[in-house]
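To keep things clear, I will list the structure first and then write my remarks on it.
All heavy atoms count here, side chains included; hydrogens, waters and symmetry mates do not.
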Amino acid sequence: MKYRELGRTGWKVSEISFGAWAIGSMWGKVDDAESLAALHRAIDLGVNFIDTADVYGMGRSERLIARLRKERGETIYVATKAGRRLSPHTAEGYNKTNLTQYVEDSLRNLSTDCLDLVQLHCPPTAVYYRPEVFGALDDLVKAGKIRYYGVSVETVEEALKAVEHPGVQSVQIIFNMFRLRPAELFFTEAKRRGVGILARVPLASGL
(Lines give C-alpha, C1' and ligand atoms only; values in the text may rest on other atoms or scores of the structure.)
Protein backbone atom coordinates (compact mmCIF):
# COMPACT_ATOMS: atom_id res chain seq x y z
CA MET A 1 0.00 0.00 0.00
CA LYS A 2 1.15 3.52 -0.78
CA TYR A 3 0.36 6.49 1.43
CA ARG A 4 0.01 10.23 0.85
CA GLU A 5 -0.43 13.27 3.06
CA LEU A 6 -4.03 14.42 3.14
CA GLY A 7 -3.93 18.17 2.71
CA ARG A 8 -2.84 20.02 5.85
CA THR A 9 -4.07 17.37 8.29
CA GLY A 10 -0.66 15.77 8.77
CA TRP A 11 -2.24 12.36 8.15
CA LYS A 12 -0.58 9.78 5.93
CA VAL A 13 -3.55 8.02 4.37
CA SER A 14 -3.69 5.01 2.09
CA GLU A 15 -4.09 5.81 -1.59
CA ILE A 16 -6.91 3.26 -1.67
CA SER A 17 -9.57 3.73 0.99
CA PHE A 18 -12.66 1.78 2.00
CA GLY A 19 -15.96 3.22 0.82
CA ALA A 20 -18.56 2.18 3.39
CA TRP A 21 -21.81 3.01 1.63
CA ALA A 22 -22.61 -0.60 0.71
CA ILE A 23 -22.22 -1.97 4.24
CA GLY A 24 -24.97 0.36 5.39
CA SER A 25 -27.49 -1.77 3.42
CA MET A 26 -28.34 0.97 0.91
CA TRP A 27 -27.39 -1.28 -2.01
CA GLY A 28 -29.32 -4.37 -1.01
CA LYS A 29 -29.17 -6.96 1.75
CA VAL A 30 -25.91 -7.13 3.66
CA ASP A 31 -24.63 -9.26 6.50
CA ASP A 32 -22.83 -7.46 9.33
CA ALA A 33 -20.39 -10.34 9.83
CA GLU A 34 -19.41 -10.19 6.16
CA SER A 35 -19.13 -6.42 6.32
CA LEU A 36 -16.80 -6.61 9.31
CA ALA A 37 -14.75 -9.28 7.58
CA ALA A 38 -14.35 -6.99 4.56
CA LEU A 39 -13.32 -4.11 6.79
CA HIS A 40 -10.75 -6.25 8.59
CA ARG A 41 -9.37 -7.52 5.29
CA ALA A 42 -8.96 -3.93 4.07
CA ILE A 43 -7.00 -3.02 7.21
CA ASP A 44 -4.90 -6.19 6.82
CA LEU A 45 -3.94 -4.97 3.33
CA GLY A 46 -2.85 -1.55 4.57
CA VAL A 47 -5.98 0.57 4.22
CA ASN A 48 -6.14 3.15 7.00
CA PHE A 49 -8.82 5.52 5.71
CA ILE A 50 -12.56 4.79 5.62
CA ASP A 51 -15.24 6.95 4.02
CA THR A 52 -18.77 6.76 5.38
CA ALA A 53 -21.81 8.96 6.10
CA ASP A 54 -24.55 9.21 8.68
CA VAL A 55 -27.17 8.26 6.08
CA TYR A 56 -25.45 5.01 5.07
CA GLY A 57 -27.97 2.73 6.71
CA MET A 58 -28.95 5.61 9.01
CA GLY A 59 -25.94 5.00 11.23
CA ARG A 60 -25.43 1.30 10.53
CA SER A 61 -22.22 1.86 8.55
CA GLU A 62 -20.80 4.15 11.24
CA ARG A 63 -21.62 1.64 13.98
CA LEU A 64 -19.86 -1.17 12.12
CA ILE A 65 -16.77 1.01 11.76
CA ALA A 66 -16.88 1.68 15.50
CA ARG A 67 -16.81 -2.10 16.09
CA LEU A 68 -13.86 -2.41 13.72
CA ARG A 69 -11.89 0.25 15.58
CA LYS A 70 -12.45 -1.53 18.89
CA GLU A 71 -11.05 -4.73 17.41
CA ARG A 72 -7.95 -3.20 15.80
CA GLY A 73 -4.90 -1.51 17.23
CA GLU A 74 -3.90 0.41 14.12
CA THR A 75 -4.67 4.06 13.51
CA ILE A 76 -7.76 4.21 11.29
CA TYR A 77 -8.92 7.57 10.01
CA VAL A 78 -12.66 7.86 9.41
CA ALA A 79 -14.35 10.50 7.27
CA THR A 80 -18.08 10.77 7.73
CA LYS A 81 -20.58 13.16 6.17
CA ALA A 82 -23.50 15.27 7.30
CA GLY A 83 -26.44 17.00 5.67
CA ARG A 84 -28.31 14.45 3.59
CA ARG A 85 -30.68 13.67 6.43
CA LEU A 86 -32.32 17.01 5.76
CA SER A 87 -35.83 16.78 4.33
CA PRO A 88 -36.22 18.85 2.31
CA HIS A 89 -32.54 19.06 1.41
CA THR A 90 -32.18 22.83 1.33
CA ALA A 91 -29.37 25.30 1.93
CA GLU A 92 -31.28 26.74 4.89
CA GLY A 93 -31.06 23.37 6.62
CA TYR A 94 -27.28 23.65 6.84
CA ASN A 95 -27.36 25.67 10.03
CA LYS A 96 -25.52 25.42 13.34
CA THR A 97 -28.34 23.64 15.13
CA ASN A 98 -28.71 20.88 12.54
CA LEU A 99 -24.99 20.42 11.94
CA THR A 100 -24.34 20.15 15.66
CA GLN A 101 -27.06 17.51 16.00
CA TYR A 102 -25.69 15.48 13.10
CA VAL A 103 -22.19 15.60 14.57
CA GLU A 104 -23.47 14.49 17.97
CA ASP A 105 -25.28 11.55 16.34
CA SER A 106 -22.15 10.49 14.45
CA LEU A 107 -20.09 10.76 17.64
CA ARG A 108 -22.44 8.25 19.27
CA ASN A 109 -22.50 5.94 16.25
CA LEU A 110 -18.72 5.92 15.95
CA SER A 111 -18.22 5.61 19.73
CA THR A 112 -15.77 8.49 19.89
CA ASP A 113 -15.50 11.89 21.49
CA CYS A 114 -14.09 13.60 18.39
CA LEU A 115 -14.74 12.90 14.69
CA ASP A 116 -11.65 12.76 12.47
CA LEU A 117 -13.18 14.41 9.41
CA VAL A 118 -16.71 15.61 8.69
CA GLN A 119 -17.71 16.53 5.15
CA LEU A 120 -20.81 18.38 4.07
CA HIS A 121 -22.68 15.79 2.03
CA CYS A 122 -23.16 17.26 -1.45
CA PRO A 123 -25.09 20.28 -0.21
CA PRO A 124 -27.01 22.66 -2.50
CA THR A 125 -24.69 25.07 -4.32
CA ALA A 126 -25.97 28.00 -2.26
CA VAL A 127 -24.33 26.55 0.86
CA TYR A 128 -20.87 27.39 -0.48
CA TYR A 129 -21.87 31.05 -0.51
CA ARG A 130 -22.93 31.02 3.16
CA PRO A 131 -19.90 31.75 5.35
CA GLU A 132 -21.98 31.13 8.47
CA VAL A 133 -22.13 27.43 7.57
CA PHE A 134 -18.36 27.17 7.68
CA GLY A 135 -18.34 29.32 10.80
CA ALA A 136 -20.54 26.70 12.47
CA LEU A 137 -18.03 24.01 11.49
CA ASP A 138 -15.20 26.14 12.86
CA ASP A 139 -17.09 26.30 16.16
CA LEU A 140 -17.39 22.50 16.23
CA VAL A 141 -13.63 22.24 15.73
CA LYS A 142 -13.03 24.69 18.58
CA ALA A 143 -15.41 22.69 20.77
CA GLY A 144 -13.37 19.55 20.15
CA LYS A 145 -16.22 17.72 18.43
CA ILE A 146 -14.44 17.40 15.08
CA ARG A 147 -10.77 17.58 14.13
CA TYR A 148 -11.19 18.68 10.54
CA TYR A 149 -13.94 19.35 8.06
CA GLY A 150 -14.35 19.33 4.31
CA VAL A 151 -16.96 18.99 1.60
CA SER A 152 -18.24 16.40 -0.82
CA VAL A 153 -19.20 18.18 -4.02
CA GLU A 154 -21.03 17.56 -7.28
CA THR A 155 -19.22 20.01 -9.56
CA VAL A 156 -15.83 21.61 -10.14
CA GLU A 157 -17.40 25.02 -9.61
CA GLU A 158 -18.57 24.00 -6.13
CA ALA A 159 -15.12 22.64 -5.34
CA LEU A 160 -13.43 25.88 -6.35
CA LYS A 161 -15.82 27.91 -4.22
CA ALA A 162 -15.45 25.55 -1.26
CA VAL A 163 -11.68 25.92 -1.04
CA GLU A 164 -12.06 29.68 -0.65
CA HIS A 165 -13.15 28.93 2.93
CA PRO A 166 -9.89 28.60 4.90
CA GLY A 167 -11.12 25.86 7.23
CA VAL A 168 -11.88 23.40 4.41
CA GLN A 169 -9.28 20.63 4.65
CA SER A 170 -10.60 18.21 2.04
CA VAL A 171 -12.76 18.04 -1.05
CA GLN A 172 -14.36 14.81 -2.18
CA ILE A 173 -15.12 14.97 -5.89
CA ILE A 174 -16.04 12.54 -8.66
CA PHE A 175 -12.93 11.68 -10.62
CA ASN A 176 -12.63 8.73 -12.99
CA MET A 177 -11.80 7.98 -16.61
CA PHE A 178 -15.14 9.47 -17.71
CA ARG A 179 -14.98 12.51 -15.42
CA LEU A 180 -11.52 14.04 -15.82
CA ARG A 181 -12.45 17.72 -15.67
CA PRO A 182 -11.33 18.22 -12.03
CA ALA A 183 -7.72 17.73 -13.14
CA GLU A 184 -7.87 20.74 -15.48
CA LEU A 185 -8.04 23.48 -12.86
CA PHE A 186 -9.26 22.28 -9.51
CA PHE A 187 -6.38 19.93 -8.67
CA THR A 188 -3.88 22.75 -9.18
CA GLU A 189 -5.88 25.11 -6.97
CA ALA A 190 -6.33 22.48 -4.26
CA LYS A 191 -2.59 21.81 -4.21
CA ARG A 192 -1.86 25.54 -4.00
CA ARG A 193 -4.13 25.87 -0.98
CA GLY A 194 -3.01 22.64 0.67
CA VAL A 195 -6.43 21.00 0.40
CA GLY A 196 -6.66 17.22 0.30
CA ILE A 197 -8.52 15.54 -2.56
CA LEU A 198 -10.64 12.42 -2.13
CA ALA A 199 -11.65 10.88 -5.44
CA ARG A 200 -15.16 9.44 -5.24
CA VAL A 201 -16.82 7.05 -7.69
CA PRO A 202 -13.32 6.20 -9.04
CA LEU A 203 -14.65 3.18 -10.93
CA ALA A 204 -17.73 5.03 -12.25
CA SER A 205 -20.02 2.75 -10.20
CA GLY A 206 -18.57 -0.26 -11.98
CA LEU A 207 -19.27 1.07 -15.47
Side-chain angles (χ1 to χ4, degrees), residues 1-28 30-57 59-82 106-107 109-122 146-153 159 168-180 182-183 186-188 190-191 193-207:
M1 182 62 69
K2 297 179 182 179
Y3 300 85
R4 300 187 189 186
E5 288 189 12
L6 181 64
R8 307 182 304 279
T9 64
W11 300 343
K12 292 275 191 177
V13 301
S14 50
E15 289 187 351
I16 297 174
S17 62
F18 189 103
W21 191 358
I23 67 173
S25 77
M26 304 292 288
W27 291 84
V30 293
D31 178 84
D32 286 353
E34 290 182 356
S35 296
L36 276 169
L39 284 164
H40 277 289
R41 181 60 174 156
I43 305 305
D44 291 341
L45 293 173
V47 170
N48 71 348
F49 188 88
I50 300 174
D51 173 80
T52 187
D54 56 0
V55 291
Y56 295 172
R60 182 176 183 178
S61 176
E62 291 179 325
R63 290 189 290 272
L64 283 168
I65 293 164
R67 289 175 59 183
L68 170 77
R69 277 178 149 177
K70 289 178 180 177
E71 296 172 9
R72 303 294 298 220
E74 300 92 334
T75 297
I76 301 171
Y77 301 107
V78 177
T80 193
K81 306 185 198 72
S106 288
L107 286 168
N109 287 335
L110 285 162
S111 298
T112 186
D113 56 4
C114 184
L115 301 175
D116 294 331
L117 177 65
V118 173
Q119 300 178 106
L120 300 183
H121 200 167
C122 298
I146 61 178
R147 290 186 178 86
Y148 302 108
Y149 66 82
V151 295
S152 184
V153 303
V168 169
Q169 297 278 355
S170 66
V171 172
Q172 188 173 36
I173 190 168
I174 296 175
F175 184 67
N176 56 51
M177 64 184 296
F178 301 112
R179 298 278 291 273
L180 297 172
F186 172 63
F187 283 8
T188 299
K191 184 176 182 180
R193 293 178 180 267
V195 174
I197 297 171
L198 303 174
R200 68 184 181 97
V201 200
L203 302 180
S205 299
L207 185 61

State the [atom1]-[atom2] distance between [X] and [Y], to the nearest 0.5 angstrom.
{"X": "S205", "Y": "F178", "atom1": "OG", "atom2": "CZ", "value": "11.0 Å"}
{"X": "D32", "Y": "R63", "atom1": "CG", "atom2": "CZ", "value": "9.0 Å"}
{"X": "L64", "Y": "I23", "atom1": "CG", "atom2": "CD1", "value": "5.0 Å"}
{"X": "I43", "Y": "L68", "atom1": "CD1", "atom2": "CG", "value": "5.5 Å"}
{"X": "I50", "Y": "E62", "atom1": "CD1", "atom2": "CD", "value": "11.5 Å"}
{"X": "L39", "Y": "I65", "atom1": "CG", "atom2": "CD1", "value": "6.5 Å"}

Decide whether S14 and N48 meet the rule of one side-chain donor and one side-chain acceptor closer than 3.5 Å. yes
Who passes side chain to side chain contact (heavy atoms under 4.5 Å, CB included) against [X], sequence neighbours left out?
{"X": "D44", "answer": "R41, R72"}
{"X": "A37", "answer": "none"}
{"X": "S17", "answer": "F49"}

So does [Y] get a backbone contact from the side chain of [X], meaning a donor-acceptor N/O pair under 3.5 Å?
{"X": "N176", "Y": "V201", "answer": "yes"}
{"X": "R200", "Y": "G19", "answer": "no"}
{"X": "Y148", "Y": "S170", "answer": "no"}
{"X": "S61", "Y": "A20", "answer": "yes"}

Looking at [Y] and [X], is there a salt bridge between them, counting it only when a charged N and a carboxylate O are closer than 4.0 Å?
{"X": "D51", "Y": "K81", "value": "yes"}
{"X": "D116", "Y": "R69", "value": "yes"}
{"X": "E15", "Y": "K2", "value": "no"}

Could you check whether the rings of Y56 and H121 sit parallel, tilted or perpendicular, using 30° and 60° as the cut-offs? perpendicular
Surrounding CZ of R193 (heavy atoms of other residues, nucleotides or ligands, distance under 6.0 Å), is the total greater than 12? yes
If you define the side chain from C-beta out and look only at heavy atoms, does anything of L117 sit under 4.5 Å from Q119? yes
